[in-house]
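Notes follow once the structure below has been shown.
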Amino acid sequence: MQAIRSNKLFKNSVLSFLLNVSTAAISFLAIPMTLKIIGIQEYGNLVFVQAVAMIVFSLVTIQYWQGMLVEFPGKSNFVGVLEQHAFRSMRYEIFGILVAGIVVAAFLLFDIKQVANFSLTGLLLIVVSTVLPSFGSLIAYFRLAEKNHVLLMVGLICNLLRLALLYISLKYSASVFAVLLSYALPEVLRVVYLSVSMHFGKVHIAEETDSGSVDEGRILSTGKWSTFMAIADLPIAHIDKIIVSFSLSSEMLGVYNILKRIYGILGMATSPVYINSIPEFARKINASDLAGAVALWRKTILLLVPISAIIGFACYFSSSLWIPILYRGLDSYKNELILIMVTAVVSGGFITTHALYWSLGKKRQTSVITVISNLCYLILLYVLSAKFGIFGAIGALLLQIIGVVALKIVLLSKVAR
């Protein structure tokens with residue numbers, strides 16, 4: 001049984017990896033096309049609005065779906081209430097996107113230079129295209145229903161449609177509105193299709209065990225802690241972009257965001273293991289198999305570290321090929337590129353450390369670690385970016401990631417003993 005669950009973890013991770021590879025490949029083309037249409041300064045302004053939208057969404061949305069990933073695996077009434085809880089989770093997310101839209105739209109009432117060239121419709125399109133991919137309820141449902149192939153198919157179609165719309169915009173209607181519509185429309189269609197499929201689809205879970213019924217209170221509690229964690233992660237995810245935008249410039253924010261996107265693209269090789277490992281870790285822990293959970297964690301690290309390193313080195317040494325074609329402006333940022341590669345290798349190689357620590361129920365400890373480390377990150381970001389520019393900002397990110405990973409490994413080693 002243990003071998004079967006381990007195989008499922010890596011099978012599901014492979015499907016997620018294929019989706020992320022398609023997303024990465026298309027992003028590699030989508031961003032240069034966007035830059036050709038609206039330019040680096042307007043792209044920086046777009047990133048600024050995206051950051052604000054995600055900050056607001058994270059502040060007001062309960063991540064109920066994270067609790068589903070921890071609570072549902074192995075429960076006796078899994079199938080009967082899965083859809084019910086997924087739609088409940090979506091209600092929190094719908095509320096979040098409405099509030100984000102209102103806040104961003106209100107920017108038009110103030111003299112904020114970053115939104116000066118956006119219309120009300122354009123700002124709302126940015127909110128939609130930014131927030132809808134963060135609707136975790138749909139992802140949780142199809143993961144738990146073991147329908148990863150549906151996410152792969154719909155995600156691939158959505159990415160191809162976005163690229164096609166951007167190409168049409170570049171060729172026939174090179175405008176800011178056309179770019180924003182190209183990003184928003186595929187996401188709307190994706191969410192609608194998955195929601196309809198969730199309601200009318202049938203779920204058959206193999207090897208379902210009877211280890212107790214689903215505890216709604218535990219789901220909500222975990223969801224609230226996940227929300228707190230998302231808020232605590234805002235400095236490293238979005239607030240840093242606000243700081244760069246005001247402390248440097250919109251153009252520099254555009255460059256900084258491209259580097260972080262490269263970091264995210266490299267992380268896509270290993271990030272699927274994180275979301276798929278949470279249910280597997282939780283399943284073992286719920287069955288009092290802590291040793292099995294720790295063994296699986298060590299196995300994933302031994303697999304992910306070399307994968308991350310190979311991808312990082314390959315990306316850097318091939319940069320002379322893809323930078324002139326896609327991101328000519330990065331020619332002047334080779335040192336920053338090296339640093340972002342190192343950051344991606346560390347983050348991707350040890351990503352399941354966070355998943356195991358979370359699955360152990362270390363909510364308060366995780367929250368304390370996240371809050372303190374991200375406050376330190378903001379201080380480092382402010383000091384190092386002021387002194388070293390974008391290189392300093394990336395350096396602050398690397399130091400934050402190394403510190404958190406090292407601390408959690410020490411704590412997990414104590415638990416294992």
Side-chain angles (χ1 to χ4, degrees), residues 17-44 46-47 156 159-160 162-164 166-167 169-171 174 179 183 240-241 244 248-272 303-351 381 384-385 387-402:
F17 170 71
L18 292 175
L19 172 58
N20 286 344
V21 165
S22 70
T23 302
I26 291 172
S27 295
F28 232 61
L29 298 175
I31 293 178
M33 292 172 69
T34 301
L35 293 174
K36 287 182 180 180
I37 297 173
I38 64 177
I40 186 66
Q41 179 174 342
E42 207 59 40
Y43 176 70
L46 169 62
V47 171
L156 180 59
N159 290 329
L160 291 174
R162 179 185 302 113
L163 189 62
L166 282 173
Y167 176 77
S169 300
L170 179 61
K171 197 168 183 65
V179 169
Y183 278 92
D240 59 339
K241 298 172 186 175
V244 171
L248 298 178
S249 65
S250 293
E251 292 91 341
M252 289 298 98
L253 175 58
V255 174
Y256 174 74
N257 191 67
I258 291 172
L259 288 169
K260 285 198 72 175
R261 286 299 297 269
I262 293 174
Y263 163 79
I265 288 172
L266 294 175
M268 285 178 179
T270 58
S271 60
L303 177 68
L304 296 182
V305 169
I307 289 177
S308 298
I310 290 172
I311 293 174
F313 284 124
C315 185
Y316 177 74
F317 287 114
S318 65
S319 61
S320 59
L321 300 177
W322 54 266
I323 283 182
I325 300 174
L326 299 175
Y327 305 110
R328 294 179 183 176
L330 288 185
D331 285 331
S332 304
Y333 298 94
K334 282 298 182 79
N335 291 333
E336 287 81 357
L337 187 61
I338 293 175
L339 203 59
I340 205 68
M341 299 297 176
V342 174
T343 305
V345 170
V346 175
S347 177
F350 294 92
I351 194 168
L381 176 66
L384 295 181
S385 61
K387 188 171 178 125
F388 301 106
I390 296 177
F391 184 84
I394 301 299
L397 177 63
L398 174 59
L399 292 175
Q400 192 269 354
I401 289 174
I402 291 175

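Hydrogens, waters and symmetry mates are skipped; everything else that's a heavy atom, side chains included, is used.
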* Could you walk me through whether Leu266 and Ile340 pass the side-chain contact (heavy atoms from CB on, under 4.5 Å) check? -> CA-CA 10 Å; Leu266 294 175; Ile340 205 68; 5.5 Å; no
* Asked: Under the side-chain contact (heavy atoms from CB on, under 4.5 Å) criterion, do Tyr43 and Ile31 qualify, and how do the steps go?
  -> CA-CA 9 Å; Tyr43 176 70; Ile31 293 178; 3.9 Å; yes
* How far apart are the C-alpha atoms of Met341 and Phe313, what are their side-chain angles, what is the distance that settles it, and do they pass the side-chain contact (heavy atoms from CB on, under 4.5 Å) test? -> CA-CA 8 Å; Met341 299 297 176; Phe313 284 124; over 6 Å; no
* For Glu42 and Ile37, run side-chain contact (heavy atoms from CB on, under 4.5 Å): C-alpha distance rounded to whole Å, both residues' side-chain angles, the deciding distance at 0.1 Å, then the answer. => CA-CA 10 Å; Glu42 207 59 40; Ile37 297 173; over 6 Å; no
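In this structure, CG in Leu398 is found 10.0 Å from CD in Gln400, a value given to the nearest 0.5 Å. Note: Leu170 CG to Lys36 NZ = 6.5 Å, rounded to the nearest 0.5 Å. Between Tyr316 atom OH and Ile323 atom CD1 the span is 8.5 Å, to the nearest 0.5 Å. Atom-to-atom distance recorded for Ile311:CD1 and Leu304:CG is 9.5 Å, nearest 0.5 angstrom. Put simply, CG on Leu337 and CD1 on Ile394 are 10.0 Å apart, with the number rounded to the nearest 0.5 Å.
With hydrogens and angles disregarded, no donor-acceptor distance shorter than 3.5 Å links the side chain of Ser385 to the backbone of Ala393.
In this structure the side chain of Ser169 never reaches within 4.5 angstrom of the side chain of Met33, judged on heavy atoms. Residues Val255 and Glu336 are not in side-chain contact: their nearest non-hydrogen atoms beyond the backbone lie 4.5 Å or more apart. Between Asn257 and Val244, the closest side-chain pair of non-hydrogen atoms is not below 4.5 Å. No side-chain heavy atom of Asn335 sits under 4.5 Å from any side-chain heavy atom of Leu339.
Relative orientation of the Phe388 and Phe391 rings is perpendicular, given thresholds of 30° and 60° on the angle between their planes.
Donor-acceptor pairing under 3.5 Å is recorded for the side chains of Thr34 and Tyr183.
Closest heavy-atom contact between Ser250 and Gln41: CB-O, 3.7 Å. Of all heavy-atom pairs between Leu166 and Ala30, the closest is CD1-CB, 3.5 Å. Nearest heavy atoms, Asn159 versus Arg162: OD1-NH1, 3.0 Å. When all heavy atoms of Gly349 and Ser308 are compared, the pair lying nearest together is N-OG, 3.3 Å. Nearest approach of Gly44 to Leu253, heavy atoms of both residues: O-CD2, 3.2 Å. Closest of all the heavy-atom pairs between Glu251 and Ile40 is O-CG1, 3.8 Å.
Evaluation of the side chain to side chain donor-acceptor pair (under 3.5 Å) test over residues 339-351, restricted to residues two or more places apart or in two chains, returns Tyr263-Ser347.
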